[in-house]
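Notes follow the structure.
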Amino acid sequence: MADLAFWMIVLLTIGSAATVVLNRKLVYSAIALLFTFFGIAGLYVFLWADFLAGVQVIIYVGGILVLIIFGIMLTNRITSVNISHTSVQRGLGAFVVLGLLAILVTMINTTPWLQAEAVEPVQTVGKVGYLLMMDYLLPFEVASLLLLAALMGAAMLSRKSN
Amino acid sequence: MDNLNTYLSIAAILFSLGMFGVITRRNAIAVLMGIELILNSANLNFLAFAKFGGMNMSGHIFALFVIIMAAAEAAVALAIIINIYNNYKTINVDDVRELRQ
């Protein structure tokens, strides 16, 4: 049962990711990206990362995807019926990317990965919070500065020219 | 199903799809979508190594920081794209080449 759910989620993730990069209509790509993000959140659950699965849904689906759809709406005239976009050099791109994928999969399957057994934690929120406040306090604070700078920069950039 | 190579292969496929989008797409927003796919595949790798390396929680912290970067990057990139659209009336990345000789 868990196996079936896992492969269904994998199929959903990869299928919708392929739709994102292959579909000609930009809005369809954005909607397919929604399902990709949900599928990846499902994979996070299988990887025992319950907190990050929640963060993935809230930030990617609730924040970044909404931003992207706003971007699509603002950079196309609403009255234009066909919000499409073209791809170039698909054959060459597919060749390069398939070669890259072959190299990566060969590397993954031939490397003897160092692995350790682990027991499933009851929850991960406590440990993540502890690490953020102890070992990774400085990056955590710097991230807040980065977000502030990104917020102000984005607001400055998107104002009408003064 | 539940081994490291499966997750790494899924992440490799997602990375390749994102790379394909970045290479072939000409719309700047579609290129941004490809970059989001690549960042997600990196996160998947971090979490897979965290689980199969003895549930080391540092991988979760790294994934969290990647998500923070992605949020900041998407906001700034879309502001830039909207500016480009206002100046050139297009967001085709091949048409924006004022700096080219």
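All chains are named by letter (A, B, ...) in the order of the sequence lines, taking the proteins before the strands, and each is independently numbered beginning at 1.
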Do [X] and [Y] make a side-chain contact, defined as non-hydrogen atoms from C-beta onward lying under 4.5 Å apart?
X        : Y         : answer
Leu4(B)  : Gln115(A) : yes
Thr24(B) : Gln89(A)  : no
Leu22(A) : Phe20(B)  : yes
Leu14(B) : Ile40(A)  : yes
Leu44(B) : Leu47(A)  : yes
Phe15(B) : Leu100(A) : yes
Asn27(B) : Thr75(A)  : no
Met55(B) : Trp48(A)  : yes

Residue part contacting chain A, namely of [X], when any heavy atom lies under 4.5 Å:
X        : result
Ser41(B) : neither
Leu64(B) : both
Asn43(B) : both
Ala28(B) : neither
Phe62(B) : side chain
Leu8(B)  : both
Leu17(B) : both
Ile13(B) : both

Portion of [X] that has a non-hydrogen atom of chain B nearer than 4.5 angstrom:
X         : result
Leu104(A) : side chain
Leu33(A)  : side chain
Ile68(A)  : both
Phe51(A)  : side chain
Ala94(A)  : both

If you take all heavy atoms of [X] and [Y], which pair is closest and at what distance?
X         : Y        : value
Leu101(A) : Ser16(B) : CD1-OG, 3.2 Å
Pro139(A) : Phe65(B) : O-CE2, 3.5 Å
Leu78(B)  : Gly71(A) : CD2-CA, 4.1 Å
Glu36(B)  : Tyr60(A) : OE1-CE2, 3.2 Å
Arg25(B)  : Val21(A) : NH2-O, 2.8 Å
Ala154(A) : Ala79(B) : O-CB, 3.7 Å

Checked Gly21(B), Ala48(B), Ala12(B), Gly54(B) vs chain A; the most non-hydrogen pairs under 4.5 Å come from Gly54(B)
Among Ile23(B), Ile67(B), Leu47(B), residue most engaged with chain A (heavy-atom pairs, under 4.5 Å): Leu47(B)
Say whether [X] and [Y] are linked into one hydrophobic cluster, either directly or through other cluster members, by side-chain heavy-atom distances under 4.5 angstrom.
X         : Y         : answer
Met57(B)  : Leu132(A) : yes
Val76(B)  : Val96(B)  : yes
Ile14(A)  : Val22(B)  : yes
Ile29(B)  : Val27(A)  : yes
Met107(A) : Met19(B)  : yes

Quick check: are there more than 12 heavy atoms from other residues, nucleotides or ligands sitting under 6.0 Å from OH of Tyr88(B)? yes
Over 12 foreign heavy atoms within 6.0 Å of CD, Glu141(A): yes
Please report the interatomic distance CD1(Ile64(A)) to CD(Glu73(B)), rounded to the nearest 0.5 Å. 7.5 Å
List the steps and the verdict of side chain to side chain contact (heavy atoms under 4.5 Å, CB included) for Phe49(B) and Leu114(A). CA-CA 10 Å; Phe49(B) 279 118; Leu114(A) 210 56; over 6 Å; no
Sort by residue number and list every member of residues 143-150 of chain A having a non-hydrogen atom under 4.5 Å from chain B. Ala143(A), Leu146(A), Leu147(A), Ala150(A)
Taking only heavy atoms into account, what residues of residues 121-131 of chain A are found under 4.5 Å from chain B? Pro121(A), Thr124(A), Lys127(A), Val128(A), Leu131(A)
Taking Ala17(A), Ala116(A), Ala30(A) one by one, which has the highest count of heavy-atom pairs under 4.5 Å against chain B? Ala116(A)
Between Tyr136(A), Phe140(A), Phe37(A), which residue shows the highest count of heavy-atom pairs closer than 4.5 Å to chain B? Tyr136(A)
Between Tyr7(B) and Phe6(A), ring centroids under 6.0 Å: yes
Sub-3.5 Å donor-acceptor pair from the side chain of Asn5(B) to the main-chain atoms of Asn109(A), do we have one? no
Side-chain (Lys51(B)) to main-chain (Phe46(A)) donor-acceptor, under 3.5 angstrom: yes
How about Asn40(B) and Gln56(A): does a side-chain donor come under 3.5 Å of a side-chain acceptor? yes
